[in-house]
Amino acid sequence: MFFYRVILPLPLREPLIYASSRPLSPGSRVVVPLKRRRLVGVILESIPPGTELPEEVREIQDLLDPEPLLSTELLHFLRWCWEYYLCPPGEMVRQAFPPGFFRELKRRIRLSAAGRRALREGRLPQEWSVLTRPRLIRRVLAEGIIPSAGEIERLVREGLLEEVEDQRGLHPPVEEWLEFVGEEPLSEGEEILRRRKRWPRRLLEEEFGREEVRGWISSGRVRRLRLPRLRKGPVLGDLSLPEPDPEQKRVIQEIRQALGQGFRTFLLHGITGSGKTLVYLKVAEEVLAQGKDVLVLVPEIALTPYVEAHLVARFGSQVAVLHSALSAGWRAAEWFRIARGEARVVVGARSAVFAPLRHPGLIVVDEEHEGTYKQSEGLRYQARDLALMRAKFCGATVILGSATPSVKSYFLARKGRYTLLRLHRRPAGRRPPEIQLVVLQRPGEYLTPELIAAMEETLNRGEQVLLFLNRRGYAPVVFCRECGEALECPNCSLTLTYHRRSGILLCHHCGFSQPAFPVCPRCEGTRFRTVGIGTERLEEEIRQRFPGVGVARLDRDSVTSEKRLYDLLLRLRRGEIQIVVGTQMVAQGHDLPGVSLVGVIWAEGGLHLPDFRAAERTFQLLVQVAGRAGRGTSPGRVILQTRLPHHYAVACALKEDYEGFYREELERRKQLGFPPFSRLALLIFSGIRPEKTEEAARRSASFLASLGRVEVLGPAPAPLPRLAGRYRWQVLLRSPRSSALDQTLRAFLREKSRLVPSGISVTLDRDPEELL
DNA sequence: AGCACGCCGACT
DNA sequence: GTCGGCGTGCTC
Ligand SMILES: [Zn+2]
Ligand SMILES: [Zn+2]
C-alpha cells in the first residue's frame, strides 16, 4: 500500500491521509471517501514508509489525472501560502483554482464501434441504443441502463463501451485577428497594424472603420487568423509598439542577463507611456526562447486590456487570459489549458499568481502599487507578495512595474533587495505637465477662480478638461434642519450619502439605502440640508456654469458596465464631451488624448483616513491623475486644489518628486514603527452583540500580550465600529520579525475556541494594507 | 462544508 | 414521555 496526504476543499486543519494500492503522483486529483461522502481532492505528497499513520486509513477510490495537474513547485508554494496566512489548506486551494477543479468530471460513455456492431447484431439489449451518443455515466446508472459502475468498467475493458474524452478547455474562446503580411503598408492603419504585429479585427474595425479593414484583407496584404478572444474592455489609444530606445535597451539587457540565474527582482519605475510594456514583452520573448514560462499579473480594475492585447498579439495562442471578468466556464477552460502545458504565457489578475504553469521563468507584476492585488475579503492574500514568493520557489526573475511604486517596494529596492531600474522617457512629443497648486480659502469652496479660468481657456482652445473628485454621490452628509443631527446608516453609524438622481440616501460602506428624504429618526423633522460635494453635484454645478458644453460623469454610479465606459470614452474622443467629472476611475490608465487640463478638486481628500497608508495612496492617486493631462500633443496643465498645500503628499505630487515623497514617508513610518519597518497582523472580531464582541477582543488581546513575543495594540473599536449590522473590535499585532507574529498567531488559533465564544467571528489579516 | 451526536421546550 | 431546535465536533 502507498499512502498520500490529500488536500480536500474543506476547512480542515490539515490534509487527510489516504491509501492506494498503486503509486500515484503528487499534483494529481483523486476521488476519496470522507464519512459517507465522495469528494475530489488533490494529492499533496506521499508519506514515507515508517511514518505513523492514523488508526483507520481509507482507500483512494479514483484517479482523475493520470498526469499531475500541479507541479511540486506549485504545491510547495501553496503550502507556504496556507502556512503564512494560517488558513486551512483546502481554503487556500479553493481560492487558488477555478471552481471546476474540485468537481468530478462529468464523465461520459458511449458505445464503441464494436459495441454498435454488437447492438445491431442483437448481442446487447435494445435499450442500449441511447448509448450510440455520449451519455453521462451518472445518468446511465440512474436510469438503470447499466446497473453498476463496475459493470461499466468491465464493458469499457472489453471494448464495447468507450469513455468520451473530457472536452474541458479544448475549445477556448477565439476571435478573428489580423496580421500584416504585405511588403509595404499602404495606409496609416496598415502601418499601425504592422507595428502591433497582430490585432483583433473587432478592434481594428472600431479604429479604422469596417470598410477600410475589409479593403486590407481583400488586397491580400493582411492575413486572417483565429486567436484567443480578448476581454471586451476598450482598447483605445495609442497602442503602437516602437523599437526600444537606448534607455529601454539597457533596461531590457540588464533584466535579460539575470534570466535563468535564480531568483531576482527588478523594480521598474517609469511613467505611463515610458515603455514598461515593451520591456515586459522583450524580456518575455527571451524567457520563452529559453523554454521557460511567463506569468503576467495585471490589476483587477485595469479596464483597458492593454497588456493582454500586446501579449496575445506577440505570442498568439500560447497566451491564456485569467480574469474575473471572464465567465467561470471560460476561466476553467483557460486554466486547464495552462495545466496541460498548452499555454505558456499567462496574463491575469490576482488569482493568476496560482496559475499552473510548469516552469515560470519570469513573473511580471504590472502596476505593482495597485491595491487590488490585495484580496480585501475572506482570505486576504497579497498577490504581489505571493508572486515574489512563487518566484523564489522556482528561481524566476520578477519585474515589478509602476509609475508610482509602493513604499514597500521602493524601500526594498533602496535597500538593495531589488534592483531599481528607471525609464525616464516620456511618450513621443510629450512634455511634462505644468502643475499648479491653488489653495482653497473659504469653507465650502470647491471651484476656485483659477480653476474656472483655466477651464475656460482650455475649452476655448477646443481641448478637454478632466475634473477629479474621489467621492461619489451628490453630498456626503445630510443634516436635519430641526435638530441638527446627521442622518446615519442604521448598520454602520456612518453618515449617509445623498444620491440625487436615484433619490436615495446610501451608505457607502455596507450598501444600505433608503428613499430621500425620510423623517429624522431623532426629532421627526422633515427639512434637511445637504453639506459637502460629490461627483454628482460637481457635474450639476459644471453644467450650470458651462451651458452648452458637453459634460459627462465617470464613476461607479454613472458607468455601470464596460459598454457604457466604452461609449463614454468614444464620445470623448469624438469631441462630443468637453468636460469629464470623475472619481478614481479616471486615474486608471484610460488614454484620454484630448485632455490638456486636469483639475483635482480636493487633493487631500482621503488623507484624513485613520490608515498608515493614507498619504501613500493620496500621493499615488495624485500623480496618476496628473498623468492624465497633456497626453496628446498639447502640453498638459494640472491644477491641484487643496487646503493643505504644505502636506508632503500634496507638495511632492505637485513637483512630481517621488524621491522626496518616499524619503518623508519612510521617515514617518520609521518613527511610528509601521511597515516596511515592522510587520503587522490585524485581528478583527465581529459579532451581533457589542459587549460579547468587546469581551472576546479583550480576552484575546490579553492572551496575546501574555505571550510576550509581539507588540499588541488594542483592543480598540474598529475604525468602522459597526459594519453591516455587526459590531467590530480589532487587535493589531506588530513585530519586526515575521516569525514572532507567526508563533503568536499560531498560539492564538490553538486557544481560539477557549478565548472566543461561538457567534463571534475572527478575521485574520496578515500584512493589512488598510486598517479600516 | 456536511453530518452526526447531544441536551432542553411544546406536542401526541 | 417523545419530536425536534441547532450548538459543538469530527472527518484520514
Ligand atoms: Zn432632526
Ligand atoms: Zn452602512
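All values below were derived from every heavy atom in this structure, side-chain atoms included, with hydrogens, water molecules and symmetry-related copies excluded. To find a chain, count down the sequence lines: A is the first, B the second, and so on, and within it residues start at 1.
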| Which residue lies toward the 5' end of DNA chain B, A:P9 or A:R36, if each is placed at its nearest nucleotide? | A:P9

| task | Using whole Å, report how far CG of A:L39 lies from P of B:dC3. | result | 10 Å

| Separation of B:dG2 P from A:E91 CD (nearest whole Å) | 12 Å

| said: Taking the six-membered ring of A:F674 as reference, does the cationic atom of A:R734 (NZ for Lys, CZ for Arg) lie under 6.0 Å from its centre and within 45° of its axis? | reply: yes

| task | Keeping the roles fixed (side chain from A:R726, backbone from A:S686), state whether a donor-acceptor pair exists under 3.5 Å. | result | yes

| message | One thing to verify: whether A:R390 and A:E73 come together as a salt bridge, which I'm taking to mean a side-chain N less than 4.0 angstrom from a carboxylate O. | response | yes

| task | Keeping the roles fixed (side chain from A:S112, backbone from A:L160), state whether a donor-acceptor pair exists under 3.5 Å. | result | yes

| request: Please report, rounded to the nearest Å, how far the C1' atom of B:dG2 is from the CZ atom of A:R94. | output: 12 Å

| message | One thing to verify: whether A:R5 and A:E45 come together as a salt bridge, which I'm taking to mean a side-chain N less than 4.0 angstrom from a carboxylate O. | response | yes

For nucleotides 8-12 of chain C, list the nitrogen or oxygen atoms of the protein found under 3.5 Å from its nitrogen or oxygen atoms, one pair per line.
from, atom 1, to, atom 2, distance (Å)
C:dT8, OP2, A:S758, OG, 2.7
C:dC10, O2, A:K35, NZ, 3.2
C:dC12, OP2, A:R58, NH1, 3.1
C:dC12, O3', A:I17, O, 2.6
C:dC12, O3', A:R58, N, 2.7
C:dC12, O2, A:I17, N, 2.7

| message | Can you tell whether the side chains of A:K374 and A:D765 come within less than 4.0 Å, N to carboxylate O? | response | yes

